[in-house]
Amino acid sequence: MDDQLTDRVVLVTGAAKRVGAAIAREVHGAGAAVVLHYRAAVREVRALAEELEARRPGSTLCVQVDLRDTARLPTLIQLTVERFGRLDGLVNNASSFFPTPLGTIDEAAWDDLVGSNFKAPLFLTQAAAPYLAEHRGAVVNITDIHAERPLLGYPLYCAAKGGLLALTRALAAELAPAVRVNGVAPGPILWPDGPEFDQDARQAIVADTLLKREGAPEDIARTVLFLLAGAGYVTGQVINVDGGRTAHL
């Protein structure tokens, strides 16, 4: 463990598993107290909290909230500040992802994809902003390389992530100079749980990267840590962590 985030408090949405859990471990390992937001993954978030508490007792808080319910988002921030007395970092990681071919899109898909990927980060950052400003904190939004290079069959997801990318830059201007706002855009890091990407599709995507391999959740986590703790003169930027895929797509 290093001390980059000692005495700091970081809230990670969608922290129970996958990339969110890797981010939580990384910032916790850098000394931060971590608020582990989750929606339904009770077993996973409890296991993660036990793991982190074993390393440093009293350093985690688990909070269950459906981020699409914007009325509850200020409560998530309030619980964080009540427990730890401050908030220094917000990582908007929680995300829904599923295909929506044109002709099949309905309001339920809109509410889910736009709600989790765009609306929730906006309202959560708005609620967190006064506390982040108090300690010159930072926001990191997890976008996607397909925010700028759309993925066929996923127009609504790509549009929602495109909105988040634009929001990242807009909030950097709105919250400056007290709060830095940046983004991380993953490439082929973890495949979705569903059947959408078969082995051939995966191999084709990896072949499009310059490094010719998949990334790992820790690649995203280390970049998030850099933006939270080591990038004091960086704001309004989105870093592609994609093995060079966007360099020639």
Side-chain angles (χ1 to χ4, degrees), residues 3-15 20 23-24 26-28 30-39 45 49 58-95 114-143 160-161 163-184 223-239:
D3 60 355
Q4 288 179 280
L5 292 175
T6 297
D7 299 325
R8 309 287 180 85
V9 179
V10 177
L11 165 60
V12 182
T13 68
I23 294 170
E26 189 76 18
V27 298
H28 185 270
V34 185
V35 179
L36 306 171
H37 159 267
Y38 68 106
R39 183 175 67 174
V45 80
S59 61
T60 66
L61 172 67
C62 300
V63 182
Q64 182 179 33
V65 173
D66 186 338
L67 295 181
R68 296 168 300 180
D69 183 358
T70 53
R72 295 200 59 202
L73 300 186
T75 301
L76 177 53
I77 302 301
Q78 282 181 324
L79 290 172
T80 298
V81 176
E82 287 174 5
R83 172 66 176 81
F84 293 111
R86 59 189 291 161
L87 177 61
D88 301 273
L90 169 62
V91 182
N92 287 305
N93 164 75
S95 171
V114 175
S116 64
N117 289 293
F118 179 57
K119 186 177 180 181
L122 167 60
F123 282 93
L124 193 56
T125 302
Q126 179 173 264
Y131 302 100
L132 293 169
E134 186 176 347
H135 298 287
R136 302 192 72 84
V139 177
V140 180
N141 295 322
I142 306 301
T143 64
K161 286 296 192 183
L164 181 59
L165 186 152
L167 181 67
T168 299
R169 293 168 177 159
L171 289 177
E174 294 288 337
L175 298 178
V179 179
R180 295 180 300 105
V181 184
N182 293 290
V184 177
T223 307
V224 170
L225 177 60
F226 165 70
L227 290 172
L228 288 174
Y233 199 54
V234 178
T235 195
Q237 306 303 309
V238 177
I239 300 176

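Residue indices begin at 1 and follow the sequence shown. Remember, it's a predicted structure, so these values are computed and weren't measured experimentally.
In this structure, N93 and V224 have side chains that are not in contact, with every pair of non-hydrogen atoms separated by 4.5 Å or more. Using a 4.5 Å heavy-atom cutoff, the side chains of I23 and V34 are not in contact.
Considering all non-hydrogen atoms of both residues, Y38 and C62 come closest at CE2-CB, 4.1 Å. When all heavy atoms of P121 and S116 are compared, the closest pair comes out as CD-O, 3.5 Å. Counting all heavy atoms, side chain and backbone alike, V179 lies closest to A129 at CG2-O, 4.3 Å. Nearest heavy-atom pair, V12 versus G20, reported as atom, atom and distance to 0.1 Å: CG1-O, 3.9 Å.
Atoms CZ and OG1, on F118 and T143 in that order, are 13.0 Å from each other to the nearest 0.5 Å. Distance check, rounded to the nearest 0.5 Å: CZ of R39 to OG1 of T13 gives 11.5 Å. Once rounded to the nearest 0.5 Å, the distance linking NE2 of H37 with CG of L67 reads 3.5 Å. With rounding to the nearest 0.5 angstrom, the CG atom of L171 is 5.5 Å from the OG1 atom of T125. Atoms CG and CZ, from L164 and R169 in turn, are 11.0 Å apart once rounded to the nearest 0.5 Å.
Considering only residues two or more places apart in sequence or on other chains, R83 meets the side chain to side chain donor-acceptor pair (under 3.5 Å) condition with none of them. For F226, the side chain to side chain contact (heavy atoms under 4.5 Å, CB included) test picks out A231, I239, with sequence neighbours left out. For A176, the side chain to side chain contact (heavy atoms under 4.5 Å, CB included) criterion is met by no residue, not counting sequence neighbours. A search for side chain to side chain donor-acceptor pair (under 3.5 Å) contacts involving D88 returns R86, not counting sequence neighbours. The side chain to side chain contact (heavy atoms under 4.5 Å, CB included) search around S95 returns N117, Y157, K161, not counting sequence neighbours.
For the residue pair T60 / H28, no side-chain donor-acceptor distance below 3.5 Å is found, with atom types taken as modelled.
In terms of modelled atom types and a separation under 3.5 Å, the side chain of N182 and the main chain of V234 share a donor-acceptor contact. Put simply, the side chain of Q126 never gets that close to the backbone of L124: no donor and acceptor are under 3.5 Å apart. Remark: side-chain polar atoms of R180 are paired, donor with acceptor, to backbone N or O of L228 under 3.5 angstrom.
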Expected list for residues 68-82: side-chain donor-acceptor pairs under 3.5 angstrom, two or more places apart:
{"residue": "R68", "atom": "NE", "partner": "D66", "partner atom": "OD1", "Å": "3.0"}
{"residue": "R68", "atom": "NH2", "partner": "D66", "partner atom": "OD2", "Å": "3.0"}
{"residue": "D69", "atom": "OD1", "partner": "A71", "partner atom": "N", "Å": "3.4"}
{"residue": "T80", "atom": "OG1", "partner": "L76", "partner atom": "O", "Å": "2.9"}

